[in-house]
Colleague: 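Attaching a single structure in structure tokens format; questions to follow.
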2 protein chains.
Amino acid sequence: MAVSSRTAVAVHALTFLAQWEREGLQSSAKIAESLESNPVLVRRVLGLLRDNGLVYPVEGSGGGWQLAMPAEQITLHDAYVAVEPGATVLPVHTHPPNQSCVIGRHMPPLLEAEFAAAQRAMEDRLTQTSIADLLRSVIRREGATPAPH
Amino acid sequence: MAVSSRTAVAVHALTFLAQWEREGLQSSAKIAESLESNPVLVRRVLGLLRDNGLVYPVEGSGGGWQLAMPAEQITLHDAYVAVEPGATVLPVHTHPPNQSCVIGRHMPPLLEAEFAAAQRAMEDRLTQTSIADLLRSVIRREGATPAPH
DNA sequence: CTTACTGTAACTATAAAAGTTGCAGTTGCG
DNA sequence: CGCAACTGCAACTTTTATAGTTACAGTAAG
């Protein structure tokens with residue numbers, strides 16, 4: 001199952017916005033520069049975050065993006081859910097199995113339940129870290145091994 | 001995110017083998033019939049399970065597959081690890097971000113740690129259910145709503 | 001009215017998975 | 001021996017998702 005790297009992009013962008021929050025709006029181009037990526041790609045992800053109320057954009061010249069709530073209140077799970085709506089980490093059968101076989105008749109719902117429980121465990125773990133936590137970790141690491149000048 | 005439906009096929013096949021254990025070897029064709037799938041596809045998955053010591057094959061006429069250990073000792077996690085080696089449920093950046101940005105410098109390792117922890121939580125949940133558990137559930141369900149004759 | 005943004009559609013390229021065909025190797029049995 | 005029933009595996013096609021790009025319309029500041 002597969003999940004894309006959109007969650008990584010989303011979390012990166014959110015942390016970037018948290019870091020430069022006092023400096024005002026940040027453009028998708030700036031964020032793309034930090035990601036070594038494309039502004040359109042970034043806007044696609046930011047658009048999903050916007051639809052979920054995590055960030056909000058300002059259009060027009062001098063516009064850009066900012067967090068829609070304190071970084072303390074945004075978890076990795078919020079980002080994940082926004083950019084991977086309805087994702088199934090462990091897909092079940094691609095097509096229904098043979099109904100004349102005992103296993104075939106009963107396996108799909110049982111597997112769905114097991115896989116959903118596993119995915120819930122993963123998502124629970126993602127709720128335990130906020131963007132603010134991540135930003136603090138970034139700053140702690142930067143203090144330990146600063147950039148070469 | 002992405003993981004294939006191979007885990008579903010693997011678990012289905014293992015449960016099938018557990019169900020017909022007393023009847024002796026089961027061919028990939030029989031298992032494929034239960035999955036409404038292709039024997040080659042099934043053999044591909046069974047080959048991975050074999051490489052991980054979960055099942056073993058007998059070649060030649062009258063050959064087939066059987067569990068290599070009691071169904072009680074095989075967990076969904078064993079199946080998952082066998083058929084999705086090195087899977088990363090939540091991929092990080094596809095390419096390294098900008099090293100001249102604080103976020104870019106420190107995000108990848110932090111994200112890897114977070115995502116790995118989340119994946120570990122998922123995998124932990126998978127260890128909690130065995131093939132024997134699943135087979136019991138199948139039989140319980142069959143008792144409740146038997147196949148139409 | 002120009003410049004700097006967001007918003008979005010439409011496209012290409014790439015990679016992974018699902019599914020199929022074909023065939024070589026092995027073994028039981030008549 | 002020779003056929004039939006298996007596994008093992010390479011090679012291929014099809015399908016789908018993602019990453020990335022190009023192009024352009026809409027909006028707002030100065």
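Labels below follow one simple rule: chain letters A, B, ... track the order of the sequence lines, proteins then strands, and each chain is numbered from 1. Just so we're clear, the structure is a prediction, and the values are computed from it rather than from any experiment.
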Colleague: Examine D:dA19: is either OP1 or OP2 under 4.0 Å from a nitrogen or oxygen in the side chain of A:Ser5? Give yes or no.
Modeller: yes

Colleague: Given that A:Pro57 and A:Gly62 both sit by DNA chain C, which one's nearest nucleotide is further toward the 5' end?
Modeller: A:Gly62

Colleague: Select from A:Ser37 and B:Arg50 the residue whose nearest nucleotide in DNA chain D is closer to the 5' end of that strand.
Modeller: B:Arg50

Colleague: Among A:Gln26, A:Gln19, A:His12, which one satisfies side-chain hydrogen bond (donor to acceptor under 3.5 Å, both in side chains) with A:Ser34?
Modeller: A:His12

Colleague: NA contact type, B:Gly47, heavy-atom cut-off 4.0 Å: base, sugar-phosphate, or nothing?
Modeller: nothing

Colleague: Could you tell me whether the phosphate oxygens of D:dT7, OP1 or OP2, come under 4.0 Å of any side-chain nitrogen or oxygen in B:Ser27?
Modeller: no

Colleague: Write down the atom of B:Gly104, the atom of B:Gln99, and the distance for their closest heavy-atom approach.
Modeller: O-NE2, 3.9 Å

Colleague: I need the CD-C1' distance between A:Gln66 and C:dT6, as an integer number of Å.
Modeller: 14 Å

Colleague: Give A:Val58 one of three labels, base, sugar-phosphate or nothing, depending on what nucleic acid heavy atoms sit under 4.0 Å from its own.
Modeller: sugar-phosphate

Colleague: Under 4.0 Å: is that the gap between some side-chain N or O of A:His95 and OP1 or OP2 of C:dG19?
Modeller: yes

Colleague: May I ask you to evaluate whether B:Thr94 reaches the phosphate of C:dT14, defined as a side-chain N or O under 4.0 Å from OP1 or OP2?
Modeller: no

Colleague: Nearest heavy atom decides the nucleotide; on that basis, is B:Arg44 or A:Glu59 closer to the 5' end of DNA chain D?
Modeller: B:Arg44

Colleague: Roughly how many Å is it from CG in B:Leu46 to C1' in D:dG8, rounded to a whole number?
Modeller: 12 Å

Colleague: Please indicate whether A:Gln66 has more than 12 foreign heavy atoms, meaning atoms of other residues, nucleotides or ligands, lying under 6.0 Å from its CD.
Modeller: yes

Colleague: From CD of A:Gln26 over to P of C:dA4, roughly how many Å is that when rounded to an integer?
Modeller: 16 Å

Colleague: Please give, in whole Å, the distance from D:dA10 C1' to B:Leu41 CG?
Modeller: 15 Å

Colleague: Roughly how many Å is it from CD in B:Glu36 to P in C:dA18, rounded to a whole number?
Modeller: 17 Å

Colleague: Between B:Ser61 and D:dA4, is there a side-chain N or O to OP1/OP2 distance below 4.0 Å?
Modeller: no

Colleague: Does the distance from a Lys or Arg side-chain N to an Asp or Glu carboxylate O, for B:Glu23 and B:Lys30, drop under 4.0 Å?
Modeller: no

Colleague: Please tell me if the side chains of B:Leu14 and B:Val55 come closer than 4.5 Å, counting only heavy atoms from C-beta onward.
Modeller: yes

Colleague: Taking only side-chain nitrogens and oxygens of B:Asn38, does any of them come within less than 4.0 Å of OP1 or OP2 of C:dT20?
Modeller: yes

Colleague: With respect to the phosphate group of C:dT6, does any side-chain polar atom (N or O) of A:Arg43 fall under 4.0 Å of OP1 or OP2?
Modeller: yes

